[in-house]
There are 2 protein chains.
Amino acid sequence: MDIDESDRHLLEVLQEDANATINDLAFASHLSPASVQRRLKRLRDKGVIQRQVAIVDQNVLDQKMSFVILVELERERTDQLDTFKRAAQREPQVQQCYYVTGEADFVLLCVARDMDDFEQLTRRLFFDNENVRRFRTSVVMDRTKVGLAVPVWPDDTER
Amino acid sequence: MDIDESDRHLLEVLQEDANATINDLAFASHLSPASVQRRLKRLRDKGVIQRQVAIVDQNVLDQKMSFVILVELERERTDQLDTFKRAAQREPQVQQCYYVTGEADFVLLCVARDMDDFEQLTRRLFFDNENVRRFRTSVVMDRTKVGLAVPVWPDDTER
DNA sequence: CGTGAAACCAACATCTA
DNA sequence: TAGATGTTGGTTTCACG
């Protein structure tokens, strides 16, 4: 699967605005609409473009608080890891979960309505879990930058 | 701005699949297509639905590595904070940046092609910045869960 | 329910490695 | 020759009023 420069150009736009029309993309990437269409189909079929999602303003919803949690497990056995991963995936309030090197084993990004709601979440995730040694919580005061957009250019010189 | 249960239903679906058709949404939310359309327009106009983006497979791009970084500043003065925030926003490889309570001041989520690329990023972000006291890096071994979708239900009982 | 826009798909000529 | 591109046209789906 190779991605050429035109593909990168398309992906860059779509990562910011998935509603861009084929003609928009054609203009931006200096390709014909037909070519753009073929490329998009290929990128979707190959799973490079995985899905399209709507970004919803969190403040309007009731999930006003965000948390970063560092989790340390008692034992790092693969079955224990998988158990924890599944628990994280099952929990809607866990937005993101990363298995990492370093002092912590997992980094979680969670949302909650309020402190009480968050406390119940920690109960479900940690206190009911024998294998969690400790966890450290940081409350998010400012979501300075939020996004999943990835720089698609191999290096700065190619732009 | 109040969001009723039907709105929550719509948002819930759109957060996962922004390509759902109006008829799909109408069926899922037990509303008429016309009503869905009006609600969507209102949600978009009010900025509740901010934008639609494509999720791109990171592995296909060259940003194969992810990092979680805890940053501690020397002094927490507002102008220093703003300076750091701007630097994070300017840097495309910084996907997410949170200003948090606790032992660290900022939590960053970054991507890089390789270790060398990452090292250059840390140089730009930290070594050139007088105000950064220390930073701790965790390498992401497994992106167990990645998403921005937020549970839109005020509490579990309403589902 | 009608209209228009845009996505989708197929066919064909062209160009190049 | 094989692969990608541009052009065109026809069909269908869907958003919008």
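Throughout, a chain's letter reflects where its sequence line sits, starting with A, and its residues are numbered from 1. Quick note: numbers below take in every heavy atom, side chains included, and nothing from hydrogens, waters or symmetry partners.
The span of DNA chain D lying next to chain B, judged by atoms under 4.0 Å from heavy atoms, is bounded 5' to 3' by D/dC14 to D/dC16.
Residues B/Arg42 and B/Asp2 are paired through a salt bridge, judged by an N-O separation under 4.0 Å between the basic side chain and the carboxylate. B/Asp142 has a carboxylate O that lies under 4.0 Å from a charged side-chain N of A/Lys85, or vice versa, which qualifies the two as a salt bridge. By the 4.0 Å N-to-carboxylate-O rule, B/Lys64 lies too far from B/Asp114 to be salt-bridged with it.
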Contacts under 3.5 angstrom, residues 20-31 of chain A side chains, donor-acceptor by atom type, not counting sequence neighbours:
residue	atom	partner	partner atom	Å
A/Asp24	OD2	A/Thr21	N	3.2
A/Ser29	OG	A/Leu25	O	2.6

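Here B/Ser138 contributes atom OG and B/Leu70 contributes atom CG; the two are 6.5 Å apart, rounded to the nearest 0.5 Å.
Residues passing the salt bridge (charged side-chain N to carboxylate O under 4.0 Å, His left out) test with A/Arg44: none are found, sequence neighbours excluded.
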Next item on the list: Quick one, give me the B/S/- string for nucleotides 5-17 of chain C, reading 5' to 3', where B means a protein heavy atom under 4.0 Å from the base and S means that only happens at the primed atoms, P, OP1 or OP2.
Entry: -SSBB--------
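Within the structure, every pair that satisfies the salt bridge (charged side-chain N to carboxylate O under 4.0 Å, His left out) test and touches residues 86-96 of chain B, not counting sequence neighbours, is listed here: B/Glu91-B/Arg124.
Between B/Phe84 and B/Phe106, the two ring planes are tilted [angle within 30° to 60°].
Counting heavy atoms from C-beta outward, A/Arg8 and A/Asp4 have side chains that stay 4.5 Å or more apart.
Centroid-to-centroid, the aromatic rings of A/Phe67 and A/Phe118 come within less than 6.0 Å.
When the local axes at the two ends of the helix from C/dC1-D/dG17 to C/dA17-D/dT1 are compared, using 5 base pairs at each end, they differ in direction by 20° after rounding to 10°.
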